[in-house]
Chemist: 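Can you read through this structure? Questions will come right after.
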Amino acid sequence: MSDEVKGHRPRKRFGQNFLRAPHVVEQILAAAELSPGAQVVEIGPGPGALTDRLLAAGAEVTAFEVDRDLAAALERRGDAHLAVHLGDVLKADWPALLVRPPYRLVANLPYNISSQVLFKILDHRPLFSRLVLMFQKEVGERLLAAPATRDYGILSVLVQNWYEVARVVKVPPGCFFPPPKVESVVLRFDPRPQPLAPVADEAAFRRLVKAVFAQRRKTLRNGLLGAGYDAAAVDRALAAVGLPAAVRGETLSIRALAALAAALGAAGFPLDSPPDVG
Ligand code: SAM
């Protein structure tokens, strides 16, 4: 930790578990494959373990940090290659602030907001050419999961459709201060040149995927009806894509889910107030 923030006590509410393992920092750096002058976004630089290495590698770093003291300490460095935005990254206006795409996104994410960060990344995919992100192990497993496995779910489908996801390194609690209660994992995400399944209406696709996995124990048809989809439209769509009504949603490939979303179309969801699409 740099001198300026020596007195800083890690704040639980900001998910502060600071990296203290140089070999993990090096593996994150290697996975990012930065060329000098690369544009990098870092979420939650904290005291700067990763930031220092990114800058040493010649990157131009744009950082989002919610902790006033840590952001101020980074600002005090006066490094011309580091821009620090104080505030909640989830509320930041990325298109207005990230004006030199494409960026590499590198972060030891606060675990309490990692899914929300992923959804925001999905909403701004063209900004990023690669992501190297730390997650708690269970979230990492969901991101890597294949259909019909225990961990396959909303995140697996929505992320894998657009990204090839690979494990970089497992990180035990002792690599952080303070040590978290859970294991962690660093993943690398490379945008696919084409999505696994083309999706014309992303909001409708997201809504369908959420509905399917919200009711894992139900059959696909019952799950969709439970989520408010119109029965006749569901039956028509299942027939159109050749799926039996009793199939379980969690066994469906990303392509099958996308085909079902397309077949359902707008007609599948006639309610006045559709569920949250997150
Ligand atoms: N990158 C540092 C490291 O590896 O040692 C810190 C990682 S720590 C797990 C997460 C960091 O994200 C903390 O510095 C925390 O203050 C910051 N943070 C938490 N919530 C945030 C938010 N909503 N927006 C921006 N930064 C946030």
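In listed order, ligands and their atoms are each counted from 1. No hydrogens, no waters, no symmetry mates; every other heavy atom, side chains included, goes into these values.
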Chemist: What is the distance from atom CG of Leu158 to atom CG of Leu118, rounded to the nearest 0.5 Å?
Modeler: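 Interatomic distance, Leu158 CG to Leu118 CG, rounded to 0.5 Å: 10.0 Å.
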Chemist: For atom 4 (O) of ligand 1, what's the nearest protein heavy-atom neighbour? Residue, atom name and distance, please.
Modeler: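 Answer, as residue, atom name and distance: Asn108 ND2, 2.8 Å.
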Chemist: Please check: side-chain N/O of Arg104 versus main-chain N/O of Ala32, any donor-acceptor pairing under 3.5 Å?
Modeler: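 At least one qualifying donor-acceptor pair exists.
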Chemist: Could you tell me which non-hydrogen atom of Glu65 sits nearest to which non-hydrogen atom of Ala71, and how far apart they are?
Modeler: CG-N, 3.9 Å
Chemist: Answer side chain, backbone, both or neither: which part of Ile113 comes under 4.0 Å from ligand 1, heavy atoms only.
Modeler: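 The side chain, only.
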Chemist: If the cut-off is 4.0 Å to any non-hydrogen atom of Gly15, which atoms of ligand 1 fall inside it?
Modeler: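 Atoms satisfying the 4.0 Å criterion: 8 (S), 9 (C), 10 (C).
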Chemist: Got the closest protein heavy atom to atom 27 (C) of ligand 1, with its distance?
Modeler: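 Here the closest protein heavy atom is Val66 CG1, 3.4 Å.
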Chemist: State the atoms of ligand 1, each with its element, that fall below the 4.0 Å cut-off from a heavy-atom position in Gly87.
Modeler: 24 (N), 25 (C)
Chemist: Among all protein heavy atoms in this structure, tell me which lies nearest to atom 17 (C) of ligand 1, with the distance rounded to 0.1 Å.
Modeler: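 Protein heavy atom with the smallest distance to atom 17 (C) of ligand 1: Glu65 OE2, 3.3 Å.
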Chemist: So which heavy atom in the protein is nearest atom 24 (N) of ligand 1, and how far is it from that ligand atom?
Modeler: Val89 N, 2.9 Å
Chemist: What closest approach, in Å, do Leu208 and Leu257 show between heavy atoms, and which atom pair accounts for it?
Modeler: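 Residues Leu208 and Leu257, closest heavy atoms: CD2-O, 3.3 Å.
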Chemist: If the cut-off is 4.0 Å to any non-hydrogen atom of Gln16, which atoms of ligand 1 fall inside it?
Modeler: 13 (C), 15 (C), 16 (O)
Chemist: Could you report the tightest heavy-atom contact between Ser156 and Asp151, atom names first, then the distance?
Modeler: OG-O, 3.6 Å
Chemist: Counting distance only, does the side-chain N/O of Glu250 pair as donor-acceptor with the main-chain N or O of Phe213 below 3.5 Å?
Modeler: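 Looks like no, no N/O pair under 3.5 Å.
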Chemist: Using the ring of Phe64 (Phe, Tyr or Trp, six-membered ring only), decide whether Lys120 places NZ or CZ under 6.0 Å from its centre and within 45 degrees of its axis.
Modeler: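 Not flagged: Lys120 not positioned over aromatic ring of Phe64.
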Chemist: Among all protein non-hydrogen atoms, which one is nearest to atom 6 (C) of ligand 1, and what is the separation to 0.1 Å?
Modeler: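 Atom 6 (C) of ligand 1 sits closest to the protein heavy atom Gly44 O, 3.3 Å.
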Chemist: Which residue pairs satisfy the salt bridge (Lys or Arg N to Asp or Glu O under 4.0 Å) criterion with at least one member in residues 171-196, sequence neighbours excluded?
Modeler: Arg130-Asp190, Arg188-Asp190
Chemist: Check the angle between the aromatic planes of Trp94 and Phe128 and answer parallel, tilted or perpendicular using the 30° and 60° thresholds.
Modeler: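 Judged by the thresholds at 30° and 60°, the geometry between Trp94 and Phe128 is perpendicular.
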Chemist: Could you say whether the N/O atoms of Leu109 and ligand 1 ever approach to under 3.5 Å?
Modeler: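 No: no nitrogen or oxygen of Leu109 is under 3.5 Å from one in ligand 1.
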Chemist: Enumerate the atoms of ligand 1 whose separation from the nearest heavy atom of Leu19 is less than 4.0 angstrom.
Modeler: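 Those of ligand 1 that fall under 4.0 Å from Leu19 are 3 (C), 4 (O), 5 (O).
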Chemist: Who's the nearest protein heavy-atom neighbour of atom 2 (C) of ligand 1, and how far?
Modeler: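 Protein heavy atom at minimum distance: Pro45 O, 3.3 Å.
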Chemist: Indicate yes or no for a side-chain donor-acceptor contact from Asn17 to the backbone of Phe177 under 3.5 Å, with no hydrogens or angles considered.
Modeler: no
Chemist: Does even one non-hydrogen atom of Ile43 get within less than 4.0 Å of ligand 1?
Modeler: no
Chemist: How close does the nearest protein non-hydrogen atom get to atom 19 (C) of ligand 1, and which residue and atom is it?
Modeler: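 Among all protein heavy atoms, the one nearest atom 19 (C) of ligand 1 is Phe14 O, 3.0 Å.
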Chemist: What do you reckon, does Asn17 have a nitrogen or oxygen under 3.5 Å from a nitrogen or oxygen of ligand 1?
Modeler: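 Min N/O separation from ligand 1 is not below 3.5 Å for Asn17.
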Chemist: Between Arg11 and ligand 1, find which residue part has any heavy-atom pair under 4.0 Å and reply side chain, backbone, both or neither.
Modeler: neither
Chemist: Just jot down the ligand 1 atoms closer than 4.0 angstrom to any heavy atom of Asp88, in number order.
Modeler: 22 (C), 23 (N), 24 (N)
Chemist: On a heavy-atom basis, which atom in Phe189 and which in Leu143 lie closest, and how many Å separate them?
Modeler: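 For Phe189 and Leu143, the tightest heavy-atom pair comes out as CZ-CD1, 4.1 Å.
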Chemist: List ligand 1 atoms under 4.0 Å from Glu42, heavy atoms only on the residue side.
Modeler: 1 (N)
Chemist: Counting only nitrogen or oxygen atoms and a 3.5 angstrom limit, does Asp67 reach ligand 1?
Modeler: no
Chemist: Under 3.5 Å, is there a donor-acceptor pair between the side chain of Asn161 and the main chain of Ala197?
Modeler: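 Side chain of Asn161 to backbone of Ala197, a donor-acceptor pair under 3.5 Å: yes, one is there.
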Chemist: Evaluate side-chain contact (heavy atoms from CB on, under 4.5 Å) for Leu243 paired with Leu238, printing each intermediate quantity in order.
Modeler: CA-CA 5 Å; Leu243 284 171; Leu238 289 175; 4.0 Å; yes
Chemist: Using heavy atoms and a threshold below 4.0 Å, how should the contact between Ala107 and ligand 1 be classified: side chain, backbone, both, or neither?
Modeler: neither
Chemist: What part of Phe18 sits under 4.0 Å from ligand 1 if we count only heavy atoms: the side chain, the backbone, both or neither?
Modeler: both
